[in-house]
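Hydrogens, waters and symmetry mates play no part in the numbers below; they use all other heavy atoms, side chains included. Every value quoted in this text rests on a predicted model; they were computed, and no experiment measured them. A, B, ... follow the sequence lines: proteins, then strands. Residue 1 opens every chain.
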Amino acid sequence: MGIKYVTGNLITSATLDSVSTEDASGFYDKENLYDKMQSLPWRSTEKSGVYAIIDLGSDIAVTFCGLFNHNLSTGATVSKLKGYLQATGKPADGSEAGDYDEDFTITSGHKNCYLTLSETMRYWAILLTEAGNANNLEVGQFVLSTHATFTKNFVYPYREMLRYLKGETITPSGQRWLNKKGKFKRFVLDFLGVRDAHLISEIEAFFEAIDGELPFVFVPDDAAAYSWYVDCLSDLDAERAWYNYNNLEIELAEQGRGQTLL
Amino acid sequence: MTVPNKIYNLTLSSTYNLLGHYYTAGVSTEMQPEFSVDDLSLEAGLDQMVRAEITYNAAYWRRNISPALDHSHLNWGILPDLGHAYAMPEVAAGADSSGIMYLRSYVAGVGTWLNSRQDSLVANGLYMEMVNYDPAAPNENGEYVYYSAFMTSLKIFFLNPIVNSIDRLWAPTAGGVAVVLTGLGFDNTDSELETGGPAKPGGWTDKVDTIEFVGLQGQGTTSITEGAGDFTVDSNTQITIPANKFPALSVGSYHINLKKINVALDVNTDITGYAGDWACDSDGKIFASTRITFFISDTYVDRPFRTRKAPILLTDWHLKDRSDGSEVMKYYSMDAIRCPDRFYKGNLSNISSIPRGYDNKTGLFKVSDLTLDLANNELEFSKLLAGTTILKNQLVKIYQAYPDEPFGWRSHIISMIIDDYFFEDEIFKVKMKDITQKYFRVSVPREVCTEDEYANIHPDSIGAFIPEVLGLCSLTTGEFRGQIEALCIDTTTFKYVAANGALYSIDQVYSDDIVAVDTANYTISHEGDGRTYITFTGDQGDKKVTYNGKGYVYAGLNSDNGYVQNLAYILLYFLLIILKIPPTLIDFASFVSTATVFDNMGEAEAGKLILQGEHKPMDVTQDLMAGAKCYPRKDGRLALGKKDMSNFSTNNGETAPVIFRQLDVVGKYNRKYNLRDAISMINVEYDWVETWDLFKSNISEETDFHIDPFDPTQMEDTRDSRTPRKKGRRRTRDWPR
């Protein structure tokens, strides 16, 4: 059991090779897959045979693949990740047999999914098919990278909160009207009794990786299927004390998912 | 019943003398006047025209010669294809004439208008010409023949089906609900398509035969057909889809496309029209509208108040790229909002309240200034300002929508313009004002005489405003005659500019205030710059030249006299043509209905406007309102409204309308609307008790705060000091009414 996080993304304008289709409006292009904004998705014009092909340029180690703010339902027929060695060659549309082939697990009501793996390959493909979906398929963020882990000294269970923002109107007679404005997940990680070794290695590496503000992938419990695309709300503030026993707190909040008007 | 149509006014530079007083035998006036495609301003996509009508005004005078005008030398038609030339209509000598010239829907041996002439009209335009006119013996002993003509409007008829409304906008996934579409052009009658021309052999097959539901979220397209009995075309204005025929559809939003498949034109052509793209009024005049969205849902509850649902504010920013003038669209909301064809970034962090009120003094509605706070994340606005995008004075439309409902159902709250902006830390603050502020900041008239434009201009005319003239302007008695002063713009040819537009007529010309000039000593011309000129046969020196006349002509706004006279239309002309407010920002229907009110009051020909000195547009607007109120609608369009006295019923058999039966006064009255019958004094009764006409006493309340009531009577000018002309000073006489 441990906390995983992913800060980088191997998917860039240079490595995103092709997608099956993209919405004609000009707002939901494939570039949205790696724009660090999960509320603005890549939107295909189909519900079946939807793919995105990645070419990393050479065989590169990948340990994490995640799809964030997608609109797939539980039981989507195909939502899988395929990997291809450089020697195998670049797939045209992902229908080719891969050197790596694994299905995502789509959890009901949870619009994120991820896979952990340990492969070194050049070409990658995500494949999506859900003919019964009411809308054309879309994905907010596609993260392909390596992940890091906090191994020790954080307090478990961490604090996880679901926040519903509300607007309130109260009439002179006291009639109260509440409107749901939005919701998001919030996490508070408490680290107690952190020793120097961990402070210098894991926590400092984490601070450096997220650079204070970048949105990143947070997997609070690698035994569960949940992952989140989060911002770090708190200042990153760690201190080494003489008695070698340090405490710190990190507050994370899920990046906004936005809303859809049909 | 009519066919969907659209009118294009052609008056701005459209009056030409095809045959002048003095000419030589065999003279030709080539292609004048002609309207280029730019003049016509035909919108792209209007590609389903079926025929057209061109209204014209023509006048023909002759003196001392007997031969009638030989019309066979006068043509009009489509540029440049002379194969589509038509003879000018016959005009009797000595009289003005007006009428309609037809571009027919079908011509034997040529085919339908859609196939044979539409492309040429859209690509080239219209013309009039006079070719090789060779009369018997003109131009001797004071003889002359004179023919002027101008097109006033082009009215194009379309085959497009127009949907104005649908009786319900949502249905469950199982279908099974009846839906009625109301509009125009669902099945035009042949005779209306063929007006002005011969019948088309075999008739027209332009009935709507297919309705498509086009899914916006990938649901695909579902079609129903009239042939299969899925719907009935009840009339040219109504289609009914019965409950048992409405198809089952997937959840999501849809656009509705009406099709006339293989309309039998020269080629088999599909005529299509999305519901809502165009709407039309009761006369069939079409105007751009908003595409209708139909919603399929099993959870939607149709109720007037969507309690517990927070509305979403959407802002559409219509900015401009200064490099090429193109429109730059930006979309911001308080959350990231995914819509079918656009995405709203969630930068909007705060918006001030949107109160509305009206100004006591002018009666104009006013909208309080608005401030928007936007997060400058990723330097969004820093980049915008560093680029070539212009924000100042640009339009922002604010909408409200509800979650989980169609984007197409959003409602327009208000449109405003950006007045100022600045950064406050990481917040980009934008201050906005109501849309009229953009156009009312200028001075009118807009045009002045310059040396650059007129090389031989009289020094006194340099920098003088070129008059704008509307309505009947006549002052024929007294010491100072002629209501408008013409400005000398060429001292070598003795030419004066009379008005910035094409006047209907100039009736009298005076030199030095009182001396009527013989009509033989000047000619009146309407030239390509759109202005009206007076050219004298002799030098007028430093004498002031004044004239009386009838103002501008604008098709659709003219009174029965043939030029603009109704106060509502004069105000509309002022806003549209002189202030150059875009048509999209004017609620034309409100001006039409207010004009009708003026008509009913017997004041259809009472209005006039002369702009010669410098004025503020708001002052002119205020004077022109004459008891009406002019205000920006929530969508930003300027509207005009007026109480219609006929709507006040009489009471208890009294003959006059009873407006105030009983007033319980708690303070001094404060006039809110610019009612025509303005009051500055009123008898008020107070201490009302619960018997309808019992009061303890009454007093007279009086205030100086009022607006002069509109008076249609032409008053002689008593305000003009009429000082002699001095270099560097201009006399101005303005009666905005």
Electrostatic pair B/Glu212-B/Lys259, nearest N-O below 4.0 angstrom: yes
Residue among A/Thr45, A/Leu40, A/Leu137, A/Asp23 with most heavy-atom pairs under 4.5 Å to chain B: A/Leu40
Exceeds 12 heavy-atom contacts within 6.0 angstrom, atom NZ of B/Lys429: yes
Partners passing side chain to side chain donor-acceptor pair (under 3.5 Å) against A/Lys82 (at least two apart in sequence or in another chain): none
Positive for side-chain hydrogen bond (donor to acceptor under 3.5 Å, both in side chains) with A/Arg257, one of A/Gln255, A/Gln259, A/Glu254: A/Glu254
Per-residue contact mode, B/Leu216 against chain A (heavy atom under 4.5 angstrom): neither
Largest heavy-atom contact set with chain A, pairs under 4.5 Å, which of B/Gln219, B/Gln217, B/Arg338: B/Arg338
Contact winner vs chain B - A/Lys47, A/Glu138, A/Glu46, heavy-atom pairs under 4.5 Å: A/Lys47
ring-ring contact (aromatic ring centres under 6.0 Å, His included) partner of A/Phe218, chosen from A/Tyr226, A/Phe187, A/Trp228: A/Phe187
Heavy-atom contact with chain A under 4.5 Å, split by part of B/Phe295: side chain
